[in-house]
Amino acid sequence: MMTQTYQYEEAEAFLSKLRELLQSGISQEQLELQLPYHLPEVEQLLELRPGPLRFFALTGGLSGFLGGLGLCIYTALSWPLITGGKPIVSLPPFLIIAYLLAVLFGSLASFAGFLLLARLPKRDNLLEPSDFGNHFVIVVKGEGQ
Amino acid sequence: MDQLAAREKLEQDVLKGLRRPGKWYLLGLAFCTLLFVNALVLWGYQASQGLGVAGIMHPVGWGVYIANFVFWVGIAHSGTLISAVLYLFRARFRTSFNRTAEAMTIFALMVAGMFPLIHLGRVEIFYYLLPYPNQRNLWPNFRSPLVWDVFAITTYLIVSLVFFYVGTLPDLAIVRRRMTGVRARIYSFFSLGWTGSLGQWKQYSRLYLLLAAFATPLVASVHSIVSWDFAVSILPGWHTTIFAPYFVAGAIFSGTAMVIILMVPLRRTLQLQPYISIDHFEAIAKILLFTSLIISYAYLVEYGLAFYGHNQVEMELFRYRALGHYSVLFWLMIICNSLVPLTLFIKRLRRNLAYLFVVALLVNLGMWIERFILIVTSLARDFDPYAWGTYTPSWVEIGITFGSFGLFFMLILLFVKTVPVLSMSELKERL
């Protein structure tokens with residue numbers, strides 16, 4: 001089978017063609033889709049799984065939390081001077097730093113994960129952008145392509 | 001109009017804003033830049049002469065610099081509320097405001113972050129605030145709320161920048177498609193080669209949700225931490241448990257007012273009426289009204305706690321706030337923050353954009369005064385009557401304060417001409 005390209009102006013026509021192709025036995029691997037905006041129905045049709053991005057967030061968040069807590073405890077112990085009658089390792093204020101670093105590292109790790117999983121930046125497209133504008137596009141790749 | 005034509009029209013309408021600037025735009029930009037440059041010169045003067053050129057001295061060691069810091073951090077909050085919290089709640093009207101509100105967050109934080117530095121006696125050693133390995137083995141005191149502030153504001157700024165940039169990616173690709181020459185190349189670089197493939201949209205939607213989830217607790221926590229700069233101390237008027245929620249509500253209140261101040265003229269000058277309806281403004285006006293009620297309640301509770309607690313020092317401070325040296329400002333604050341917003345209970349006024357704009361201006365005036373009163377009166381009237389005093393900002397402080405507004409509006413004007421002010425890819429879902 002040769003590679004075929006279908007182009008639509010409206011979301012409904014695009015979705016019904018996609019449904020038809022999937023019912024005819026076309027596999028997900030053979031499909032390439034381009035969308036002008038995010039269409040959650042496509043993910044439902046293709047039954048896409050949540051993916052690994054959340055693990056980037058979790059890893060970043062956890063390492064930020066533990067790193068923040070570790071930084072506070074390490075620095076407090078490296079000069080153990082009692083101030084204001086507070087314990088050297090004062091957990092309540094240290095938890096604030098740990099929480100903030102969890103948010104910071106969680107966000108940055110998610111962003112890094114996004115770039116990795118979405119394969120961005122795309123070098124070829126930076127130099128010569130290919131764009132389907134406001135059309136919905138389905139490309140069905142031929143076998144072996 | 002069919003869907004394709006509607007999407008094309010949306011892009012053309014929104015990208016009209018990126019055209020060559022007109023005379024009024026350039027005049028506005030020049031005026032804001034002048035205010036900012038003036039502030040830089042004054043800051044240089046202060047750095048060379050010492051903090052004595054500012055009006056802050058014993059007993060009022062925190063003046064308008066710290067009031068400005070709290071005010072601008074507060075302005076930032078509404079941006080995250082609109083972009084992240086309303087996204088999680090699936091409020092559709094957010095798409096009319098979120099891009100500008102996110103930009104507002106970043107610029108307000110940049111302005112806010114300058115004030116602790118301006119307030120420092122020796123700004124060249126500001127890096128002592130950061131934890132970095134050093135020969136003396138000295139580290140910041142993580143038990144101090146001032147260090148929590150450094151972490152809170154830095155985290156908030158970086159997360160907001162990432163959130164803003166990720167949100168603009170699909171739109172930057174649209175601008176790239178519609179531009180030519182060097183501008184197309186610049187937008188192509190910043191769009192990272194976005195094509196709109198299913199794989200990219202899939203990761204994008206997941207990332208956006210995750211970032212919204214990370215940013216949402218920051219709406220509550222960052223201004224809570226700023227409030228602890230005061231509440232953790234033992235001064236009358238500051239040492240109170242209601243400060244965190246009170247500050248957060250105040251932040252959303254002033255930030256929402258700033259969104260209205262920015263969006264009313266933008267909607268008119270960029271002719272965005274088809275995409276930002278009066279209903280959307282009414283929804284924002286309801287947030288303004290609701291937060292005004294919370295603020296008014298907090299004012300009442302503060303007085304209730306002071307008098308019910310029967311602490312002489314606390315009672316004297318609150319009497320002083322309403323009837324002392326700063327009483328005119330106090331009552332102006334009550335009028336702007338508690339009384340004027342009550343008129344928004346009337347639907348006709350909520351839907352009148354000129355009226356809403358004036359209310360928003362008054363709210364921001366009132367919120368700036370609130371920060372001033374809260375900071376200055378507690379220091380001017382603490383425990384020992386022998387040490388009481390008053391404070392008047394010097395012309396250096398006033399000039400730097402105006403300069404902060406100049407910097408903020410200068411950045412907003414530059415943003416309007418470089419990034420689409422509405423999120424086109426999100427608005428397309430609504431068409």
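A, B, ... follow the sequence lines: proteins, then strands. Residue 1 opens every chain. The structure presented is a predicted model; accordingly, all values stated were derived computationally and were not measured.
Of all residues spanning residues 421-430 of chain B, those with a heavy atom less than 4.5 Å away from chain A's heavy atoms are B:S425, B:K428, B:E429, arranged by number. Contacts of residues 149-164 of chain B with chain A at a heavy-atom distance below 4.5 Å involve B:F151, B:A152, B:T155, B:I158, B:V159, B:V162, listed in sequence order.
A salt bridge between B:R178 and B:E8 is present, with a side-chain N of the basic residue lying under 4.0 Å from a carboxylate O of the acidic one. Ion pair A:E43/B:K202 not flagged as a salt bridge, since none of the NZ, NE, NH1 or NH2 atoms sits closer than 4.0 Å to an Asp/Glu carboxylate oxygen.
Residue B:W194 touches chain A through both its backbone and its side chain, counting heavy-atom pairs closer than 4.5 Å. Heavy-atom distances place no part of B:P170 under 4.5 Å from chain A, backbone and side chain included. With a 4.5 Å cut-off on non-hydrogen atoms, B:R206 touches chain A through its backbone and its side chain both. Residue B:L209 does not touch chain A at all, counting heavy-atom pairs closer than 4.5 Å. Within the 4.5 angstrom heavy-atom criterion, atoms from both the backbone and the side chain of A:A11 approach chain B. Contacts of A:F56 with chain B are absent, with no heavy-atom separation under 4.5 Å from either backbone or side chain. Looking at B:L211, only its side chain comes within 4.5 Å of chain A, counting heavy atoms on both sides. Using a 4.5 Å cut-off between heavy atoms, B:L218 contacts chain A through both its backbone and its side chain. Residue contact with chain A, scored on non-hydrogen atoms closer than 4.5 Å, involves the side chain of B:R176 exclusively. When heavy atoms are compared at a cutoff of 4.5 Å, B:P145 does not approach chain A at all.
Per-residue heavy-atom pair counts under 4.5 Å with chain B were compared for A:A118, A:A76, A:G84, and the maximum is reached by A:A118. Top candidate by heavy-atom pairs under 4.5 Å with chain A, chosen from B:S221, B:P131, B:G199, B:A173, is B:S221. For the options B:P140, B:S188, B:S144, heavy-atom pairs under 4.5 Å to chain A are most numerous at B:S188. Among A:R119, A:K122, A:K86, A:R54, the residue making the largest number of heavy-atom pairs under 4.5 Å with chain B is A:K122. Ranked by non-hydrogen atom pairs under 4.5 Å with chain B, the options A:Y99, A:F136, A:F105 are led by A:Y99. Note on A:V42, A:L81, A:T83: by heavy-atom pairs under 4.5 Å with chain B, the leading option is A:T83.
A pairwise comparison of heavy atoms in B:Q203 and A:L53 identifies O-CD2, 3.8 Å as the closest pair. Heavy-atom minimum distance, A:L35 versus B:W201: O-NE1, 2.9 Å. Here the shortest heavy-atom pairing between A:P36 and A:G133 reads CB-O, 4.0 Å.
Checking B:Q3 against A:E12 by side-chain atom types alone, a donor-acceptor pair falls below 3.5 Å.
Rounded to the nearest 0.5 Å, atoms CG (B:N141) and CH2 (B:W148) are 9.5 Å apart.
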